[in-house]
Protein chains: 2
Amino acid sequence: MKKKTTIYDIAKELGITVSTVSRALSGFPAISKATRQAVEEVAERLNYSPNKLASALKSGKSFIVGVIVPSIEAHFFASIIHNIEEGLKDSGYRIILFQSKESIENEIKGVKTLLEAQVDGIMASMSLETNDISHFEEIIKQNKPLIIFDRVNQEINVPTITLNDYQAGYIATEHLIKQGYKNIAFITTIHQIKIFKDRLEGYKDALKANGMIIQERNIIFSDLSIKDGRYGAGRLMRNKDKPDAIIAGDDFTALGVIKKLNETGETPPKIGVIGFANEAFSAYITPSLSTINQYPAQIGTSCAEMFLQMVAKQNPYDDIRNIILEPTVVERQSTNIDALKH
Amino acid sequence: MKKKTTIYDIAKELGITVSTVSRALSGFPAISKATRQAVEEVAERLNYSPNKLASALKSGKSFIVGVIVPSIEAHFFASIIHNIEEGLKDSGYRIILFQSKESIENEIKGVKTLLEAQVDGIMASMSLETNDISHFEEIIKQNKPLIIFDRVNQEINVPTITLNDYQAGYIATEHLIKQGYKNIAFITTIHQIKIFKDRLEGYKDALKANGMIIQERNIIFSDLSIKDGRYGAGRLMRNKDKPDAIIAGDDFTALGVIKKLNETGETPPKIGVIGFANEAFSAYITPSLSTINQYPAQIGTSCAEMFLQMVAKQNPYDDIRNIILEPTVVERQSTNIDALKH
DNA sequence: ATGAAAGCGCTAACAG
DNA sequence: CTGTTAGCGCTTTCAT
């Protein structure tokens with residue numbers, strides 16, 4: 001393998017110095033047109049490829065941003081990442097990806113790894129296990145932009161892009177009430193993540209606002225998965241005054257609920273079911289699943305925008321904004337009880 | 001922002017030199033236990049975090065591998081990436097992600113970007129547009145590992161991890177024949193990607209082997225998407241001797257086919273439908289979709305293994321292996337014609 | 001077992 | 001408009 005060409009090779013070839021070459025290549029204005037063209041021509045001919053590592057080491061800017069998500073396999077996060085990349089692409093920033101797999105240990109390792117890689121900033125959505133945020137503080141201490149999206153844990157004082165999860169819980173519940181359901185259950189996670197607490201509050205307040213009673217046995221704390229959905233539905237259906245509608249913590253859990261109900265013959269919309277996140281499959285299952293649209297594309301776009309603003313400032317944290325997106329209900333068959341009346 | 005601690009700070013603190021600190025920190029054997037412990041203690045106390053960029057610049061190894069996929073939003077690729085990360089994690093390698101979005105222009109830019117970031121190797125699945133592979137040759141020229149997975153274009157002489165796509169086409173067709181379907185259509189892409197050609201060959205050979213005739217009007221070349229599936233199904237159903245089964249280029253296309261057939265009342269399995277890739281939704285749509293399992297987890301794991309082997313060698317390309325995984329049929333309702341007989 | 005010193009490829013302040 | 005020079009933080013050869 002022959003040695004790679006550097007700006008020294010180009011300089012030697014043209015009998016000029018590396019600084020001139022460096023300037024010519026980086027679009028420095030005070031360079032004669034002739035020199036610039038000559039440099040570009042030789043760079044091309046020698047198949048020059050800049051070493052961004054060296055550049056990053058010297059300039060202190062790597063043009064890499066780290067992204068930490070629980071899992072890339074949830075379409076919600078894949079979509080966010082897709083849109084972060086999209087929003088960043090004209091700025092020259094690239095992404096290093098890290099999956100926490102819902103483990104705080106991995107998340108800590110992720111932050112450490114990304115910091116060692118000298119990323120210029122980090123965007124993260126917290127794992128379900130995350131109850132302590134000290135590992136994120138190192139990023140702030142280094143004065144690098146940290147943006148938390150979707151899964152916010154507690155009072156971490158950085159910009160956040162979140163959904164109005166209280167509202168999400170509220171409108172999901174309200175939608176079911178409007179459809180005519182009277183006894184609405186709620187399956188959520190045992191973990192202390194703010195968004196899930198908020199949804200639960202929204203649920204409770206919507207019930208209250210409509211003169212309904214909050215029954216503790218209608219609220220199930222478990223994990224969120226297809227399996228947990230089946231289990232939760234089974235448990236709820238064994239209650240003496242079993243619910244006529246179920247709000248599930250995410251679409252996967254809702255899918256489990258539906259599968260269980262399909263088996264027991266109480267196929268939705270007989271029992272209403274609504275999920276969260278509008279996963280790829282949700283429109284296509286039977287019955288199709290009503291859900292809450294969480295606008296991952298906007299979240300990704302906002303993350304990118306926010307990052308570019310922060311990184312341009314002397315102090316990224318001098319004007320901390322918290323963007324809150326408003327969720328909407330996606331009405332599908334699983335809550336369309338009217339369809340049964342015909 | 002206070003300056004970050006470097007090995008110089010540690011050295012000064014202890015009255016030793018940076019070389020000793022560097023050795024102590026990197027597990028060099030010929031270091032006294034006392035020194036090593038002292039270094040570790042001070043590193044901890046000063047909150048030292050190594051600058052991997054500097055290390056990479058000097059040593060020529062960045063411990064980053066670039067991954068290029070068409071889109072992270074297809075579960076197939078998300079799963080591969082997940083498993084690459086998993087397979088690499090103990091080795092200290094991290095991933096920089098790049099999405100080509102099925103555009104060769106993006107793919108070229110991706111290779112360039114990753115090379116400039118001094119990745120130690122690249123794993124890529126080609127875009128549908130990719131008909132020229134010269135941009136990949138630069139990676140080989142730099143003697144860095146290049147591994148192509150799933151989407152292989154033509155005779156590129158690097159290690160590959162692929163599915164036996166001929167076999168995939170063959171068993172998909174054979175499955176339909178065994179189920180009793182007699183007139184089987186095929187929707188595929190217009191693009192010149194090897195895997196799609198291979199599947200088509202498998203389809204044709206399976207028909208021949210079973211004494212069936214290959215009808216050109218039963219083969220549709222279009223794009224692959226839900227929309228194209230609807231369109232393709234519509235076109236096929238207008239043929240005079242319309243098919244009684246359709247093989248769709250991927251599960252999204254198959255979904256479009258099913259939606260169209262559901263509307264026209266020829267709901268599968270009346271018309272048999274099978275897809276490729278076993279997407280997240282395929283088990284949950286109605287009717288559930290028979291498909292070909294393409295084992296993304298194994299592909300990802302194999303990529304990681306292969307990379308680690310290559311990177312450990314003087315010449316990564318001295319023993320080029322091509323791993324071929326065998327697909328299997330996932331039988332679900334959309335091809336279960338027996339169910340209609342009861 | 002440890003130190004001295006060179007240098008990876010690039011940028012940027014200063015000088016001219 | 002261009003050259004000189006120092007140095008980013010680390011690894012590594014050669015000494016001792």
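Every chain is numbered from 1, with letters handed out A, B, ... down the list of sequences. Please read all numbers here as calculations on a predicted model, not as lab measurements.
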Novice: For nucleotides 5-7 of chain C, print each protein N/O atom paired with a nucleotide N/O atom at under 3.5 Å, atom names and distance only.
Specialist:
residue	atom	partner	partner atom	Å
C:dG7	N2	B:Lys58	NZ	3.3
C:dG7	N3	B:Lys58	NZ	3.2

Novice: Would you indicate, yes or no, if D:dT11 has its OP1 or OP2 atom less than 4.0 angstrom from a side-chain nitrogen or oxygen of B:Ser22?
Specialist: yes
Novice: Please give, in whole Å, the distance from C:dG3 P to B:Lys12 NZ?
Specialist: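 Those two atoms, NZ and P, are 16 Å apart.
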Novice: Evaluate side chain to side chain contact (heavy atoms under 4.5 Å, CB included) for B:Met306 paired with B:Met123, printing each intermediate quantity in order.
Specialist: CA-CA 10 Å; B:Met306 174 84 68; B:Met123 307 174 186; over 6 Å; no
Novice: Considering residues at least two apart in sequence or located in another chain, which fulfil the side chain to side chain contact (heavy atoms under 4.5 Å, CB included) criterion with B:Lys89?
Specialist: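 With sequence neighbours excluded, B:Lys89 shows a side chain to side chain contact (heavy atoms under 4.5 Å, CB included) to B:Glu86, given in chain and number order.
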Novice: Suppose we screen for side chain to side chain contact (heavy atoms under 4.5 Å, CB included). Which residues come up paired with B:Ser62, at least two apart in sequence or across chains?
Specialist: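 Partners of B:Ser62 by the side chain to side chain contact (heavy atoms under 4.5 Å, CB included) criterion, ordered by chain and then number, come out as A:Leu53, B:Ala56, B:Ile64, B:Asp120.
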Novice: For the pair made of CZ in B:Phe28 and P in C:dT2, what is the distance, rounded to whole Å?
Specialist: 11 Å
Novice: Which pairs count as side-chain hydrogen bond (donor to acceptor under 3.5 Å, both in side chains) when at least one residue sits in residues 72-84 of chain A, sequence neighbours excluded?
Specialist: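 Only A:Glu73-B:His75, A:Glu73-B:His82, A:His75-B:Glu73, A:His82-B:Glu73, A:His82-B:Gln99 qualify under side-chain hydrogen bond (donor to acceptor under 3.5 Å, both in side chains).
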Novice: Give the rounded distance in Å between these two atoms: CG of B:Leu53 and P of D:dC10.
Specialist: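 Taking atom P of D:dC10 as the reference, CG of B:Leu53 is at 11 Å.
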Novice: Measure from CG on B:Leu57 to P on D:dT12 and round the result to the nearest Å.
Specialist: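 Result: 12 Å.
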Novice: How would you list, by chain and number, every residue that makes a side chain to side chain contact (heavy atoms under 4.5 Å, CB included) with A:Glu102, sequence neighbours excluded?
Specialist: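 Only A:Pro70, A:Ser127, A:Leu128, A:Arg151 meet the side chain to side chain contact (heavy atoms under 4.5 Å, CB included) criterion with A:Glu102.
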Novice: Can you tell which of C:dG3, C:dG9, C:dA12 lies closest to the side chain of A:Ser59?
Specialist: C:dA12
Novice: What are the residues of residues 30-52 of chain A, sorted by number, that bring a heavy atom to within less than 4.0 Å of DNA chain C?
Specialist: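 When residues 30-52 of chain A is checked for heavy atoms under 4.0 Å from DNA chain C, the hits, listed by number, are A:Tyr48, A:Pro50, A:Asn51.
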Novice: Check every strand shown and say whether A:Thr17 touches a base, only sugar-phosphate, or nothing at a heavy-atom separation below 4.0 Å.
Specialist: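 If one applies the 4.0 Å heavy-atom cut-off, A:Thr17 turns out to touch a base.
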Novice: How many whole angstroms separate atom NZ of B:Lys61 from atom C1' of D:dT12?
Specialist: 16 Å
Novice: Would you list the atom pairs, donor with acceptor, under 3.5 Å between side chains in residues 22-29 of chain A and any protein atom, with sequence neighbours excluded?
Specialist:
residue	atom	partner	partner atom	Å
A:Ser26	OG	A:Ser22	O	2.9
A:Ser26	OG	A:Arg23	O	3.4

Novice: Base, sugar-phosphate, or nothing for A:Ile16, non-hydrogen atoms under 4.0 angstrom?
Specialist: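 Contact class for A:Ile16: sugar-phosphate only.
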Novice: Using whole Å, what does the distance between atom P of nucleotide D:dC8 and atom CD of A:Glu116 come to?
Specialist: 20 Å
Novice: Using heavy atoms to find the nearest nucleotide of DNA chain D for A:Gly15 and B:Ile7 separately, return the residue whose nucleotide is more 5′.
Specialist: A:Gly15
Novice: List for me each residue that meets ring-ring contact (aromatic ring centres under 6.0 Å, His included) alongside B:Phe63, sequence neighbours excluded, and say none if there are none.
Specialist: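 B:Phe63: ring-ring contact (aromatic ring centres under 6.0 Å, His included) contacts with B:Tyr93.
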Novice: What pairs of residues pass the salt bridge (Lys or Arg N to Asp or Glu O under 4.0 Å) test when at least one of them lies in residues 297-319 of chain A, not counting sequence neighbours?
Specialist: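 Every pair satisfying salt bridge (Lys or Arg N to Asp or Glu O under 4.0 Å) with a residue in residues 297-319 of chain A: A:Lys313-A:Asp318.
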Novice: Tell me every residue that passes side chain to side chain contact (heavy atoms under 4.5 Å, CB included) with B:Ala54, counting only those two or more places apart in sequence or in another chain.
Specialist: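 Partners of B:Ala54 under the side chain to side chain contact (heavy atoms under 4.5 Å, CB included) test: A:Leu57, B:Asn51.
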Novice: Please report how far the helix from C:dA1-D:dT16 to C:dG16-D:dC1 bends, comparing the axis fitted to its first five pairs with the axis fitted to its last five, to the nearest 10 degrees.
Specialist: 30°
Novice: Hey, is CZ on B:Arg45 packed in by over 12 heavy atoms from elsewhere, all under 6.0 Å?
Specialist: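 Yes, enclosed.
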Novice: Applying salt bridge (Lys or Arg N to Asp or Glu O under 4.0 Å), which residue pairs with at least one partner in residues 52-72 of chain A are found, sequence neighbours left out?
Specialist: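 Of all non-adjacent pairs touching residues 52-72 of chain A, those that pass salt bridge (Lys or Arg N to Asp or Glu O under 4.0 Å) are A:Lys52-B:Glu116.
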Novice: How long is the line joining CD of B:Gln118 and C1' of D:dC10, in whole Å?
Specialist: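 Atom-to-atom, B:Gln118 to D:dC10, this comes out as 16 Å.
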Novice: CZ of B:Arg23 versus P of D:dT11: gap in Å, rounded?
Specialist: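 Atom CZ in B:Arg23 sits about 11 Å away from atom P in D:dT11.
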Novice: May I ask you to check whether over 12 heavy atoms, not counting those of B:Gln309, lie within 6.0 Å of atom CD?
Specialist: yes
